[in-house]
Amino acid sequence: MPSASEPQDVSREQIIWQVVCSIPVGHVASYSQVAELAGFKGLARFVGRTMGQLPEGSDVPWHRVLKQDGRIAFPPESNRFYYQSRLLTEEGVPVKNGRVSMSRFRWQP
DNA sequence: AAGTTGACAGTTA
DNA sequence: ATAACTGCCAACT
């Protein structure tokens with residue numbers, strides 16, 4: 001029996017991370033896309049908030065999740081912005097001006 | 001209980 | 001293309 005103070009949406013986070021883990025290398029998805037695939041259509045912000053709770057050493061490819069227009073969600077010039085940009089580039093997804101071409105690299109399940 | 005926040009998105013100007 | 005504004009909803013104060 002889980003303690004009452006434990007967040008009860010652990011399964012929701014699991015579902016979201018599972019969807020993110022299914023994004024193939026070399027492809028990306030938007031927050032809203034992840035939300036919809038996870039069965040939480042319209043909850044893009046919730047997906048973003050959930051991503052923020054990922055531990056640093058996680059296997060979840062969080063860097064493959066971008067805004068709908070292909071921009072990185074972090075503030076430009078920030079450390080995380082550059083980090084995500086680097087991870088994507090190393091995977092073969094070019095990032096120009098903090099942005100990925102969704103028409104080319106958007107994951108289509 | 002009420003107000004604020006946010007790794008978002010869509011519409012309008 | 002950019003910016004302002006609105007809608008959204010769970011988590012947090």
Side-chain angles (χ1 to χ4, degrees):
Chain A
M1 178 73 177
S3 70
S5 59
E6 201 75 16
Q8 69 281 73
D9 51 332
V10 178
S11 62
R12 276 192 301 192
E13 298 175 347
Q14 293 287 339
I15 293 170
I16 289 172
W17 289 330
Q18 183 177 345
V19 170
V20 174
C21 285
S22 65
I23 304 174
V25 178
H27 293 265
V28 297
S30 71
Y31 291 94
S32 62
Q33 186 180 357
V34 170
E36 180 164 1
L37 290 171
F40 308 118
K41 185 165 161 40
L43 298 192
R45 299 192 91 141
F46 179 74
V47 171
R49 202 194 65 76
T50 302
M51 300 297 276
Q53 296 177 354
L54 275 174
E56 198 169 309
S58 170
D59 303 328
V60 179
W62 55 268
H63 54 281
R64 295 177 196 152
V65 186
L66 306 166
K67 291 199 194 185
Q68 185 66 51
D69 62 1
R71 286 191 206 277
I72 289 178
F74 297 119
E77 311 270 322
S78 68
N79 267 346
R80 303 157 102 187
F81 176 92
Y82 288 125
Y83 183 41
Q84 181 170 11
S85 178
R86 195 185 100 228
L87 289 176
L88 285 170
T89 302
E90 287 175 355
E91 277 192 1
V93 178
V95 181
K96 314 271 187 228
N97 296 18
R99 181 184 207 177
V100 169
S101 172
M102 293 303 273
S103 58
R104 296 182 198 173
F105 298 100
R106 185 176 196 264
W107 177 39
Q108 297 169 8

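Throughout, a chain's letter reflects where its sequence line sits, starting with A, and its residues are numbered from 1.
- The CD atom of A:E13 sits 11 Å away from the C1' atom of C:dA11 (whole-angstrom rounding).
- At whole-Å resolution of the value, CZ in A:F46 and C1' in C:dC9 are 10 Å apart.
- The CD atom of A:Q53 sits 12.0 Å away from the OG atom of A:S58 when rounded to the nearest 0.5 Å.
- Across A:Q84 and A:V65, no two heavy atoms sit closer than the pair NE2-O, 3.2 Å.
- Across residues 58-92 of chain A, A:R71 each have a non-hydrogen atom less than 4.0 Å from an atom of DNA chain C (numbered order).
- Look at A:D69 and A:R71 and you find a salt bridge, because one of the NZ, NE, NH1 or NH2 atoms lies within 4.0 Å of a carboxylate O, short of that distance.
- Listed pair A:S32 / B:dA9 meets the phosphate criterion, a side-chain N or O lying under 4.0 Å from OP1 or OP2.
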I'd like a table of donor-acceptor pairs (distance under 3.5 Å, sequence neighbours excluded) in which one partner is a side-chain atom from residues 26-45 of chain A, with atom names and distances.
from	atom 1	to	atom 2	distance (Å)
A:S30	OG	A:S32	OG	3.1
A:S30	OG	A:Q33	N	3.1
A:S30	OG	A:Q68	OE1	3.2
A:S32	OG	A:Q68	OE1	2.8
A:Q33	OE1	A:S30	N	3.4
A:Q33	NE2	A:W107	O	2.8

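- Rounded to a whole Å, the CZ atom of A:R12 is 13 Å from the P atom of C:dC9.
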Side chains of residues 91-100 of chain A: which donor-acceptor partners sit under 3.5 Å, not counting sequence neighbours?
from	atom 1	to	atom 2	distance (Å)
A:E91	OE1	A:R64	NE	3.0
A:E91	OE2	A:H63	NE2	2.8
A:E91	OE2	A:R64	NE	3.2
A:E91	OE2	A:R64	NH2	2.7

Each nucleotide N or O in nucleotides 2-5 of chain B that has a protein N or O under 3.5 Å away: list the pair and distance.
none

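- Between the CZ atom in A:F74 and the NZ atom in A:K67 there is a gap of 11.0 Å [rounded to 0.5 Å].
- Scored by the side chain to side chain contact (heavy atoms under 4.5 Å, CB included) test, A:Y83 finds A:W62, A:R86, A:L87 as partners (sequence neighbours excluded).
- Taking atom CD1 on A:I16 and atom C1' on B:dA7, their separation rounds to 12 Å, with Å as the unit.
- Residue-level contact check: A:S30 touches the backbone only, with heavy atoms under 4.0 Å from sugar-phosphate atoms and none from bases.
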Test side chain to side chain contact (heavy atoms under 4.5 Å, CB included) applied to A:V47 and A:V20, step by step:
CA-CA 10 Å; A:V47 171; A:V20 174; 5.6 Å; no

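- Looking at A:S85 and A:I72, their side chains come closer than 4.5 Å, going by heavy atoms from C-beta outward.
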Every protein N/O lying under 3.5 Å from an N/O of nucleotides 4-8 of chain C:
from	atom 1	to	atom 2	distance (Å)
C:dG7	O6	A:R45	NH1	3.3

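- Within 6.0 Å of atom CD in A:E77, 12 or fewer heavy atoms from other residues, nucleotides or ligands are found, so the atom counts as exposed in its surroundings.
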